[in-house]
Number of protein chains: 2
Amino acid sequence: MVFNCKPKIVLTDKQKNLIEKIGITFEGEGLQPVAARILGLLYVSDNPQLTFDEITVALQISKSATSNGINLLLQMQRLEYITFSGDRRRYFRLKVSNWREQFRHKIEVMAGINVLMREVLAIRTKETPEYNASIKEMVDFMDYIFQQLPLLLQQWNKEKNNKN
Amino acid sequence: MVFNCKPKIVLTDKQKNLIEKIGITFEGEGLQPVAARILGLLYVSDNPQLTFDEITVALQISKSATSNGINLLLQMQRLEYITFSGDRRRYFRLKVSNWREQFRHKIEVMAGINVLMREVLAIRTKETPEYNASIKEMVDFMDYIFQQLPLLLQQWNKEKNNKN
DNA sequence: CACCAAGTTCAAAATTTTAAGAACTAATTT
DNA sequence: AAATTAGTTCTTAAAATTTTGAACTTGGTG
(Lines give C-alpha, C1' and ligand atoms only; values in the text may rest on other atoms or scores of the structure.)
Protein backbone atom coordinates (compact mmCIF):
# COMPACT_ATOMS: atom_id res chain seq x y z
CA MET A 1 0.00 0.00 0.00
CA VAL A 2 2.39 2.55 -1.19
CA PHE A 3 0.28 5.53 -2.20
CA ASN A 4 -2.20 5.53 0.65
CA CYS A 5 -1.08 9.04 1.49
CA LYS A 6 -3.36 11.79 0.27
CA PRO A 7 -2.28 15.42 0.32
CA LYS A 8 -4.49 17.02 2.95
CA ILE A 9 -7.00 19.31 1.30
CA VAL A 10 -6.26 22.97 1.84
CA LEU A 11 -8.96 25.63 1.61
CA THR A 12 -8.37 29.26 0.75
CA ASP A 13 -10.15 31.95 2.76
CA LYS A 14 -12.37 32.58 -0.24
CA GLN A 15 -13.41 28.95 -0.23
CA LYS A 16 -13.98 28.88 3.52
CA ASN A 17 -16.15 31.99 3.34
CA LEU A 18 -18.20 30.58 0.52
CA ILE A 19 -18.68 27.30 2.38
CA GLU A 20 -20.09 29.25 5.32
CA LYS A 21 -22.30 31.34 3.05
CA ILE A 22 -23.63 28.21 1.38
CA GLY A 23 -23.97 26.63 4.80
CA ILE A 24 -26.11 29.46 6.11
CA THR A 25 -28.24 29.50 2.97
CA PHE A 26 -28.92 25.77 3.06
CA GLU A 27 -29.62 25.97 6.78
CA GLY A 28 -32.26 28.50 5.81
CA GLU A 29 -33.68 25.82 3.53
CA GLY A 30 -34.04 23.55 6.53
CA LEU A 31 -30.82 21.54 6.39
CA GLN A 32 -28.83 20.75 9.52
CA PRO A 33 -25.79 23.01 9.94
CA VAL A 34 -23.22 20.25 9.45
CA ALA A 35 -25.00 18.79 6.44
CA ALA A 36 -25.23 22.25 4.91
CA ARG A 37 -21.48 22.74 5.31
CA ILE A 38 -20.69 19.35 3.84
CA LEU A 39 -22.61 20.40 0.74
CA GLY A 40 -20.74 23.71 0.72
CA LEU A 41 -17.41 21.94 1.00
CA LEU A 42 -18.18 19.59 -1.87
CA TYR A 43 -19.35 22.46 -4.06
CA VAL A 44 -16.23 24.48 -3.42
CA SER A 45 -13.45 21.96 -2.98
CA ASP A 46 -11.03 21.62 -5.87
CA ASN A 47 -11.39 17.90 -5.50
CA PRO A 48 -15.09 17.11 -5.76
CA GLN A 49 -14.61 13.65 -4.25
CA LEU A 50 -13.71 13.62 -0.60
CA THR A 51 -13.37 10.88 1.97
CA PHE A 52 -15.05 10.75 5.34
CA ASP A 53 -11.84 11.77 7.02
CA GLU A 54 -11.10 14.62 4.63
CA ILE A 55 -14.52 16.06 5.32
CA THR A 56 -14.02 15.69 9.06
CA VAL A 57 -10.67 17.43 8.95
CA ALA A 58 -11.62 20.15 6.47
CA LEU A 59 -14.72 21.17 8.45
CA GLN A 60 -13.11 20.55 11.84
CA ILE A 61 -16.03 18.53 13.13
CA SER A 62 -16.30 15.27 15.02
CA LYS A 63 -16.53 11.90 13.34
CA SER A 64 -20.06 11.45 14.60
CA ALA A 65 -21.10 14.79 13.14
CA THR A 66 -19.60 13.74 9.81
CA SER A 67 -21.30 10.36 9.98
CA ASN A 68 -24.69 11.90 10.70
CA GLY A 69 -24.32 14.59 8.08
CA ILE A 70 -23.19 12.24 5.35
CA ASN A 71 -25.90 9.69 6.07
CA LEU A 72 -28.57 12.36 6.05
CA LEU A 73 -27.36 13.68 2.69
CA LEU A 74 -27.08 10.18 1.24
CA GLN A 75 -30.62 9.46 2.29
CA MET A 76 -31.76 12.76 0.79
CA GLN A 77 -30.06 11.74 -2.45
CA ARG A 78 -27.92 14.86 -2.40
CA LEU A 79 -24.76 12.79 -2.12
CA GLU A 80 -23.42 9.56 -3.55
CA TYR A 81 -20.10 7.82 -3.23
CA ILE A 82 -17.71 5.78 -5.26
CA THR A 83 -15.08 3.35 -4.17
CA PHE A 84 -11.83 2.09 -5.66
CA SER A 85 -10.63 -1.47 -5.44
CA GLY A 86 -8.06 -1.94 -2.77
CA ASP A 87 -9.28 1.14 -0.87
CA ARG A 88 -11.85 0.71 1.83
CA ARG A 89 -12.76 4.39 1.97
CA ARG A 90 -15.80 5.84 0.28
CA TYR A 91 -15.35 8.91 -1.86
CA PHE A 92 -18.31 11.19 -1.46
CA ARG A 93 -19.49 13.58 -4.11
CA LEU A 94 -22.50 15.72 -4.87
CA LYS A 95 -25.20 14.20 -7.01
CA VAL A 96 -25.26 17.27 -9.25
CA SER A 97 -26.21 15.41 -12.37
CA ASN A 98 -29.29 14.56 -10.39
CA TRP A 99 -30.70 18.08 -10.54
CA ARG A 100 -33.62 17.25 -12.80
CA GLU A 101 -34.93 14.79 -10.22
CA GLN A 102 -34.24 17.22 -7.36
CA PHE A 103 -36.21 19.80 -9.27
CA ARG A 104 -39.09 17.42 -9.79
CA HIS A 105 -39.00 16.55 -6.11
CA LYS A 106 -39.11 20.19 -5.05
CA ILE A 107 -42.16 20.71 -7.22
CA GLU A 108 -43.83 17.74 -5.60
CA VAL A 109 -43.26 19.18 -2.14
CA MET A 110 -44.79 22.49 -3.18
CA ALA A 111 -47.64 20.68 -4.85
CA GLY A 112 -48.25 18.96 -1.53
CA ILE A 113 -49.05 22.30 0.04
CA ASN A 114 -51.52 22.86 -2.73
CA VAL A 115 -53.21 19.59 -1.95
CA LEU A 116 -53.66 20.81 1.61
CA MET A 117 -55.15 24.04 0.34
CA ARG A 118 -57.66 22.04 -1.67
CA GLU A 119 -58.57 20.22 1.52
CA VAL A 120 -59.11 23.60 3.11
CA LEU A 121 -61.44 24.60 0.27
CA ALA A 122 -63.32 21.34 0.65
CA ILE A 123 -64.18 21.90 4.30
CA ARG A 124 -64.55 25.69 4.31
CA THR A 125 -67.97 27.17 5.01
CA LYS A 126 -69.78 28.42 1.92
CA GLU A 127 -70.66 31.60 3.80
CA THR A 128 -67.43 33.30 2.72
CA PRO A 129 -67.48 33.03 -1.08
CA GLU A 130 -64.99 35.84 -1.77
CA TYR A 131 -62.46 34.55 0.66
CA ASN A 132 -62.82 31.05 -0.69
CA ALA A 133 -62.46 32.36 -4.23
CA SER A 134 -59.19 34.08 -3.27
CA ILE A 135 -57.77 30.86 -1.94
CA LYS A 136 -59.00 28.98 -4.97
CA GLU A 137 -57.38 31.47 -7.32
CA MET A 138 -54.03 30.98 -5.65
CA VAL A 139 -54.35 27.20 -5.65
CA ASP A 140 -55.41 27.15 -9.28
CA PHE A 141 -52.48 29.28 -10.27
CA MET A 142 -50.00 27.13 -8.41
CA ASP A 143 -51.43 24.03 -10.04
CA TYR A 144 -51.07 25.73 -13.39
CA ILE A 145 -47.41 26.41 -12.60
CA PHE A 146 -46.74 22.85 -11.49
CA GLN A 147 -48.32 21.64 -14.67
CA GLN A 148 -46.27 23.98 -16.85
CA LEU A 149 -42.89 23.45 -15.21
CA PRO A 150 -42.20 20.05 -16.79
CA LEU A 151 -42.99 21.61 -20.16
CA LEU A 152 -40.47 24.35 -19.48
CA LEU A 153 -37.89 21.70 -18.73
CA GLN A 154 -38.60 20.01 -22.07
CA GLN A 155 -38.43 23.33 -23.86
CA TRP A 156 -35.13 24.14 -22.25
CA ASN A 157 -33.72 20.75 -23.16
CA LYS A 158 -34.73 21.40 -26.75
CA GLU A 159 -33.22 24.89 -26.88
CA LYS A 160 -30.02 23.55 -25.42
CA ASN A 161 -29.76 20.83 -28.05
CA ASN A 162 -30.33 23.32 -30.84
CA LYS A 163 -27.38 25.36 -29.68
CA ASN A 164 -24.98 22.40 -29.86
CA MET B 1 -71.59 48.64 24.41
CA VAL B 2 -74.39 46.31 23.75
CA PHE B 3 -73.05 43.76 21.27
CA ASN B 4 -69.53 43.40 22.55
CA CYS B 5 -70.21 39.73 23.00
CA LYS B 6 -68.84 37.47 20.30
CA PRO B 7 -69.88 33.84 20.07
CA LYS B 8 -66.73 31.89 20.93
CA ILE B 9 -65.43 30.20 17.82
CA VAL B 10 -65.96 26.46 17.81
CA LEU B 11 -63.84 24.13 15.73
CA THR B 12 -64.91 20.74 14.49
CA ASP B 13 -62.52 17.82 14.74
CA LYS B 14 -62.05 18.01 10.99
CA GLN B 15 -60.98 21.62 11.31
CA LYS B 16 -58.66 20.93 14.23
CA ASN B 17 -56.99 18.09 12.34
CA LEU B 18 -56.49 20.21 9.28
CA ILE B 19 -55.03 23.04 11.37
CA GLU B 20 -52.47 20.61 12.75
CA LYS B 21 -51.73 19.21 9.31
CA ILE B 22 -51.22 22.72 7.94
CA GLY B 23 -49.21 23.53 11.04
CA ILE B 24 -46.82 20.66 10.50
CA THR B 25 -46.48 21.44 6.80
CA PHE B 26 -45.66 25.10 7.40
CA GLU B 27 -43.27 24.14 10.17
CA GLY B 28 -41.54 22.09 7.53
CA GLU B 29 -41.29 25.27 5.49
CA GLY B 30 -39.43 26.86 8.39
CA LEU B 31 -42.23 28.65 10.24
CA GLN B 32 -42.43 28.61 14.03
CA PRO B 33 -44.98 26.11 15.34
CA VAL B 34 -47.36 28.70 16.76
CA ALA B 35 -47.19 30.91 13.68
CA ALA B 36 -47.86 27.88 11.50
CA ARG B 37 -50.97 27.04 13.53
CA ILE B 38 -52.23 30.60 13.40
CA LEU B 39 -52.08 30.39 9.63
CA GLY B 40 -53.86 27.05 9.77
CA LEU B 41 -56.57 28.48 11.97
CA LEU B 42 -57.18 31.43 9.70
CA TYR B 43 -57.32 29.19 6.65
CA VAL B 44 -59.83 26.87 8.23
CA SER B 45 -61.96 29.03 10.49
CA ASP B 46 -65.47 29.81 9.28
CA ASN B 47 -64.81 33.39 10.24
CA PRO B 48 -61.68 34.47 8.42
CA GLN B 49 -61.20 37.49 10.69
CA LEU B 50 -60.23 36.65 14.24
CA THR B 51 -59.18 38.74 17.21
CA PHE B 52 -56.09 38.25 19.31
CA ASP B 53 -58.13 36.66 22.03
CA GLU B 54 -60.06 34.37 19.71
CA ILE B 55 -56.77 33.05 18.34
CA THR B 56 -55.40 32.56 21.85
CA VAL B 57 -58.47 30.65 22.96
CA ALA B 58 -58.93 28.62 19.79
CA LEU B 59 -55.32 27.42 19.76
CA GLN B 60 -55.05 27.15 23.54
CA ILE B 61 -51.79 29.04 23.71
CA SER B 62 -50.53 31.84 25.92
CA LYS B 63 -51.03 35.51 25.12
CA SER B 64 -47.32 35.98 24.60
CA ALA B 65 -47.21 33.11 22.14
CA THR B 66 -50.07 34.71 20.25
CA SER B 67 -48.36 38.08 20.33
CA ASN B 68 -45.11 36.66 18.98
CA GLY B 69 -46.80 34.59 16.33
CA ILE B 70 -49.01 37.39 15.08
CA ASN B 71 -46.19 39.91 14.95
CA LEU B 72 -43.98 37.51 13.08
CA LEU B 73 -46.69 36.85 10.51
CA LEU B 74 -47.50 40.55 10.18
CA GLN B 75 -43.85 41.29 9.54
CA MET B 76 -43.71 38.47 6.99
CA GLN B 77 -46.71 40.02 5.25
CA ARG B 78 -48.69 36.83 5.65
CA LEU B 79 -51.24 38.58 7.86
CA GLU B 80 -52.96 41.92 8.01
CA TYR B 81 -55.65 43.32 10.25
CA ILE B 82 -58.64 45.60 10.13
CA THR B 83 -60.32 47.52 12.88
CA PHE B 84 -63.81 48.83 13.47
CA SER B 85 -64.60 52.18 15.03
CA GLY B 86 -65.55 51.85 18.65
CA ASP B 87 -63.71 48.55 18.97
CA ARG B 88 -60.14 48.56 20.10
CA ARG B 89 -59.46 45.01 18.96
CA ARG B 90 -57.67 44.18 15.75
CA TYR B 91 -59.21 41.62 13.45
CA PHE B 92 -56.51 39.53 11.86
CA ARG B 93 -56.84 37.86 8.51
CA LEU B 94 -54.67 36.15 5.95
CA LYS B 95 -53.26 38.27 3.19
CA VAL B 96 -54.41 35.77 0.57
CA SER B 97 -54.93 38.33 -2.14
CA ASN B 98 -51.23 38.90 -1.71
CA TRP B 99 -50.24 35.61 -3.29
CA ARG B 100 -48.70 37.11 -6.42
CA GLU B 101 -46.18 39.00 -4.32
CA GLN B 102 -45.57 35.97 -2.12
CA PHE B 103 -44.90 34.00 -5.25
CA ARG B 104 -42.51 36.62 -6.56
CA HIS B 105 -40.74 36.62 -3.22
CA LYS B 106 -40.35 32.87 -3.18
CA ILE B 107 -38.77 33.03 -6.61
CA GLU B 108 -36.33 35.66 -5.40
CA VAL B 109 -35.24 33.46 -2.51
CA MET B 110 -34.61 30.55 -4.87
CA ALA B 111 -32.82 32.84 -7.27
CA GLY B 112 -30.55 33.83 -4.38
CA ILE B 113 -29.32 30.27 -4.17
CA ASN B 114 -28.51 30.45 -7.84
CA VAL B 115 -26.44 33.57 -7.27
CA LEU B 116 -24.42 31.61 -4.75
CA MET B 117 -23.94 28.80 -7.24
CA ARG B 118 -22.56 31.31 -9.73
CA GLU B 119 -20.11 32.40 -7.06
CA VAL B 120 -19.13 28.78 -6.71
CA LEU B 121 -18.50 28.54 -10.44
CA ALA B 122 -16.46 31.73 -10.33
CA ILE B 123 -13.99 30.39 -7.78
CA ARG B 124 -13.91 26.73 -8.76
CA THR B 125 -10.70 25.28 -10.12
CA LYS B 126 -10.67 24.84 -13.92
CA GLU B 127 -9.23 21.37 -13.43
CA THR B 128 -12.69 19.80 -13.14
CA PRO B 129 -14.44 20.91 -16.35
CA GLU B 130 -17.13 18.23 -16.36
CA TYR B 131 -18.12 18.82 -12.77
CA ASN B 132 -18.20 22.57 -13.34
CA ALA B 133 -20.29 22.06 -16.46
CA SER B 134 -22.80 20.02 -14.46
CA ILE B 135 -23.20 22.78 -11.92
CA LYS B 136 -23.43 25.36 -14.68
CA GLU B 137 -26.14 23.40 -16.43
CA MET B 138 -28.25 23.33 -13.30
CA VAL B 139 -27.72 27.02 -12.62
CA ASP B 140 -28.52 27.95 -16.20
CA PHE B 141 -31.70 25.96 -16.10
CA MET B 142 -32.85 27.50 -12.83
CA ASP B 143 -32.19 30.95 -14.23
CA TYR B 144 -34.24 30.03 -17.27
CA ILE B 145 -37.08 28.99 -14.99
CA PHE B 146 -36.92 32.17 -12.94
CA GLN B 147 -37.01 34.16 -16.12
CA GLN B 148 -39.99 32.24 -17.50
CA LEU B 149 -42.13 32.21 -14.35
CA PRO B 150 -43.29 35.83 -14.59
CA LEU B 151 -44.33 35.10 -18.17
CA LEU B 152 -46.35 32.13 -16.99
CA LEU B 153 -48.09 34.40 -14.52
CA GLN B 154 -48.99 36.81 -17.32
CA GLN B 155 -50.19 33.97 -19.49
CA TRP B 156 -52.34 32.60 -16.71
CA ASN B 157 -53.84 36.03 -16.05
CA LYS B 158 -54.73 36.25 -19.72
CA GLU B 159 -56.29 32.79 -19.88
CA LYS B 160 -58.31 33.56 -16.80
CA ASN B 161 -59.67 36.77 -18.30
CA ASN B 162 -60.66 34.98 -21.50
CA LYS B 163 -62.76 32.56 -19.54
CA ASN B 164 -64.81 35.35 -17.91
C1' DC C 1 -59.95 58.24 39.41
C1' DA C 2 -60.16 53.24 39.52
C1' DC C 3 -60.81 49.63 36.43
C1' DC C 4 -60.91 46.78 32.54
C1' DA C 5 -59.47 45.29 27.90
C1' DA C 6 -55.97 44.55 24.53
C1' DG C 7 -51.89 43.77 23.99
C1' DT C 8 -46.46 43.83 24.83
C1' DT C 9 -42.25 42.63 27.11
C1' DC C 10 -39.08 40.05 29.70
C1' DA C 11 -37.13 36.45 32.48
C1' DA C 12 -37.42 31.77 33.28
C1' DA C 13 -38.87 27.00 32.06
C1' DA C 14 -39.52 23.46 28.75
C1' DT C 15 -38.47 21.42 24.55
C1' DT C 16 -35.86 20.44 20.60
C1' DT C 17 -31.84 20.36 17.93
C1' DT C 18 -27.16 19.75 17.30
C1' DA C 19 -22.56 18.22 18.20
C1' DA C 20 -19.05 15.84 20.84
C1' DG C 21 -16.69 12.02 22.86
C1' DA C 22 -16.08 7.51 23.95
C1' DA C 23 -16.99 2.95 23.18
C1' DC C 24 -18.03 -0.14 19.73
C1' DT C 25 -17.98 -3.07 15.05
C1' DA C 26 -16.22 -4.97 10.98
C1' DA C 27 -12.77 -5.23 7.58
C1' DT C 28 -7.84 -5.20 6.49
C1' DT C 29 -3.06 -5.27 7.35
C1' DT C 30 0.96 -6.64 9.66
C1' DA D 1 -3.54 -12.65 16.50
C1' DA D 2 -2.76 -7.78 17.33
C1' DA D 3 -3.17 -3.46 15.43
C1' DT D 4 -5.13 -0.17 12.21
C1' DT D 5 -8.58 1.89 9.46
C1' DA D 6 -13.18 3.41 8.44
C1' DG D 7 -16.71 4.26 10.11
C1' DT D 8 -21.32 3.74 13.50
C1' DT D 9 -23.87 4.18 17.71
C1' DC D 10 -25.09 5.86 22.03
C1' DT D 11 -25.01 8.83 25.91
C1' DT D 12 -24.43 13.16 27.32
C1' DA D 13 -23.58 18.09 26.97
C1' DA D 14 -24.27 22.43 24.90
C1' DA D 15 -26.89 25.56 22.31
C1' DA D 16 -30.84 27.29 20.20
C1' DT D 17 -35.70 27.64 19.88
C1' DT D 18 -40.12 27.91 21.67
C1' DT D 19 -43.54 28.80 25.13
C1' DT D 20 -45.14 30.36 29.37
C1' DG D 21 -46.47 33.39 33.21
C1' DA D 22 -46.30 37.51 35.38
C1' DA D 23 -45.62 42.20 35.30
C1' DC D 24 -46.15 46.06 32.63
C1' DT D 25 -48.31 49.64 29.05
C1' DT D 26 -51.74 52.24 26.93
C1' DG D 27 -56.16 53.72 25.95
C1' DG D 28 -60.83 53.83 26.89
C1' DT D 29 -65.07 53.32 30.56
C1' DG D 30 -68.04 53.88 34.43
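Chain identifiers are assigned alphabetically (A, B, ...) following the order of the sequence lines, protein sequences preceding nucleic acid strands; residue numbering begins at 1 within each chain. Side chains are part of it too, since the values below use all heavy atoms of this structure and drop only hydrogens, waters and symmetry mates.
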Gap between atoms [atom1] and [atom2], on [X] and [N] respectively (whole Å):
{"X": "B:Arg88", "N": "C:dC3", "atom1": "CZ", "atom2": "P", "answer": "17 Å"}
{"X": "B:Leu72", "N": "C:dT8", "atom1": "CG", "atom2": "C1'", "answer": "15 Å"}
{"X": "A:Arg89", "N": "C:dA27", "atom1": "CZ", "atom2": "P", "answer": "18 Å"}
{"X": "A:Ile70", "N": "C:dA19", "atom1": "CD1", "atom2": "P", "answer": "14 Å"}
{"X": "B:Asn71", "N": "C:dG7", "atom1": "CG", "atom2": "P", "answer": "10 Å"}
{"X": "A:Phe84", "N": "D:dT5", "atom1": "CZ", "atom2": "P", "answer": "20 Å"}
{"X": "B:Asp87", "N": "D:dT29", "atom1": "CG", "atom2": "P", "answer": "10 Å"}
{"X": "A:Asp53", "N": "D:dT4", "atom1": "CG", "atom2": "P", "answer": "16 Å"}

### Sequence-aligned protein contact record of nucleotides 12-17 of chain C, with B where the base is within under 4.0 Å of a protein heavy atom and S where only the sugar-phosphate is
------
### Query
Do A:Phe92 and A:Tyr81 have ring centroids that are under 6.0 Å from one another?
yes
### Query
With sequence neighbours excluded, what pairs up with B:Glu101 under the side-chain hydrogen bond (donor to acceptor under 3.5 Å, both in side chains) test?
none
### Message
Please enumerate all residues that pass side-chain hydrogen bond (donor to acceptor under 3.5 Å, both in side chains) together with A:Asn98, with sequence neighbours excluded.
### Response
A:Gln102
### Query
Taking NZ, NE, NH1 and NH2 as the nitrogens, is one of them in B:Asp140 or A:Lys160 under 4.0 Å from a carboxylate oxygen of the other?
no
### Close residues, residues 57-65 of chain B, relative to DNA chain D [heavy-atom separation under 4.0 Å]
B:Ile61, B:Ser62, B:Ser64, B:Ala65
I'd like to know if the side chain of [X] pairs up with that of [Y] as donor and acceptor (distance under 3.5 Å, no hydrogens or angles considered).
{"X": "B:Gln148", "Y": "A:Trp156", "value": "no"}
{"X": "B:Ser97", "Y": "A:Ser134", "value": "no"}
{"X": "A:Asn47", "Y": "A:Arg93", "value": "no"}

### Summary
Taking for A:Asn68 and for B:Arg90 the nucleotide of DNA chain C with the nearest heavy atom, the one nearer the 5' end belongs to B:Arg90
## Note on the structure
Sorted by chain and number, sequence neighbours left out, salt bridge (charged side-chain N to carboxylate O under 4.0 Å, His left out) with A:Arg104 holds for none
### Query
Of all residues at least two apart in sequence or in a different chain, which pass the ring pair (Phe, Tyr, Trp, His ring centres under 6.0 Å) check with B:Tyr43?
none
